Amino acid sequence: MLIIGPPGSGKGTQAERISGCLGVVAISTGDIFRDNVRRRTPLGVEAGKYMDNGDFVPDSVTNSMVRDRLQQQDAREGFLLDGYPRTAGQVDELDGILAGEGQELALVLQLTADDEELVRRLLGRAKDSDRSDDNEKVIQHRLDLYHGQTEAIVARYAERGILAKVDGTGDIDEVTDRVMGAIETAMAASVN
Ligand code: AMP
């Protein structure tokens, strides 16, 4: 499964909850990059150059990291990817990885919220976060990239009939209920 949404839509929080409910591993590319930045690994040094400005880390770097991660044992029986893919090239890469493993995407969840709400949430989060990319200028750039590139790839999953859009506004528990409802509906439809 994939969870896709604009910055501030709560995809990390919901991914953790889905992971807890379904017992599948949640893999966040943003978390992996941040962990590498903190540990000052070569990957972190490279990724950090882009993250601070809210740019996408280049596909060549991101794709090989995801390919390695999905080969680990805990992802063999399924996984939930949070924050990947975000570009057309990443969709192609993921298709290739899955085809190579004989796996198929079951469901793509898209969390939605309007930009005004997202900016409000992210600026709120900035007060007690150590994220270098939660400031007004960078937030706007991250939103622009989402609208410019990531929404287009969501449309590709819609064409394949595996997209479920979930309203990401309101109380966190309410959003989780909607998310779990969307997963149940999709799973029931795939069994029938
Ligand atoms: P996130 O925690 O998902 O908001 O990601 C934080 C930052 O990590 C993004 O703004 C990008 O710089 C980088 N990043 C995370 N996932 C990707 C991806 N799939 N492709 C490129 N860059 C990414």
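Just so it is clear, the structure is predicted and the values come from calculations on it, not from any experiment. We count ligands from 1, going down the list as the structure has it; atoms in each ligand are counted the same way. Values reported hereafter were calculated over all heavy atoms of this structure, with side chains retained and with hydrogens, waters and symmetry mates removed. Residue indices begin at 1 and follow the sequence shown.
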Electrostatic pair [X]:[Y] at N-O distance under 4.0 angstrom:
X	Y	result
Asp59	Arg86	no
Arg120	Asp114	no
Glu117	Arg121	yes
Arg69	Asp74	yes
Asp52	Arg131	no

Would you say the side chain of Met1 lies within less than 4.5 Å of the side chain of Ile183, judging by non-hydrogen atoms?
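Contact flag for Ile183/Met1 side chains = yes.
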Is ligand 1 under 4.0 Å from a heavy atom in the side chain of [X], in the backbone, in both, or in neither?
X	result
Asp82	neither
Arg131	side chain
Phe33	side chain
Val57	both

Among protein heavy atoms, which lies nearest [atom], and at what distance?
atom	answer
atom 8 (O) of ligand 1	Met51 CE, 3.6 Å
atom 16 (N) of ligand 1	Thr29 OG1, 2.8 Å
atom 12 (O) of ligand 1	Asp55 O, 2.7 Å

With rounding to the nearest 0.5 Å, note down the distance linking OG1 in Thr176 to CD1 in Ile18.
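Thr176 OG1 to Ile18 CD1: 8.0 Å, rounded to 0.5 Å.
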Distance from Leu43 atom CG to Glu46 atom CD, nearest 0.5 Å?
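Atom-to-atom, Leu43:CG and Glu46:CD are 8.0 Å apart.
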Phe56: which other cluster members, linking ILVMFWY side chains closer than 4.5 Å, directly or transitively?
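Leu145, listed by chain and number.
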With a cut-off of 4.0 Å, which atoms of ligand 1 are near a heavy atom of [X]?
X	value
Arg34	2 (O), 6 (C)
Lys11	3 (O)
Thr62	18 (C), 19 (N), 20 (N), 21 (C)

Quick test of your reading of the structure: of Gln149, Arg86, Gln90, Arg142, whose heavy atom lies closest to atom 20 (N) of ligand 1?
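Heavy atom nearest to atom 20 (N) of ligand 1 belongs to Gln90.
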Please state which option from Ile32, Val138, Asp133 has its nearest heavy atom closest to atom 10 (O) of ligand 1.
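Ranked by closest heavy atom to atom 10 (O) of ligand 1, first place is Asp133.
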Is there at least one pair of N or O atoms, one from Gly83 and one from ligand 1, spaced under 3.5 Å apart?
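Yes: some nitrogen or oxygen of Gly83 is under 3.5 Å from one in ligand 1.
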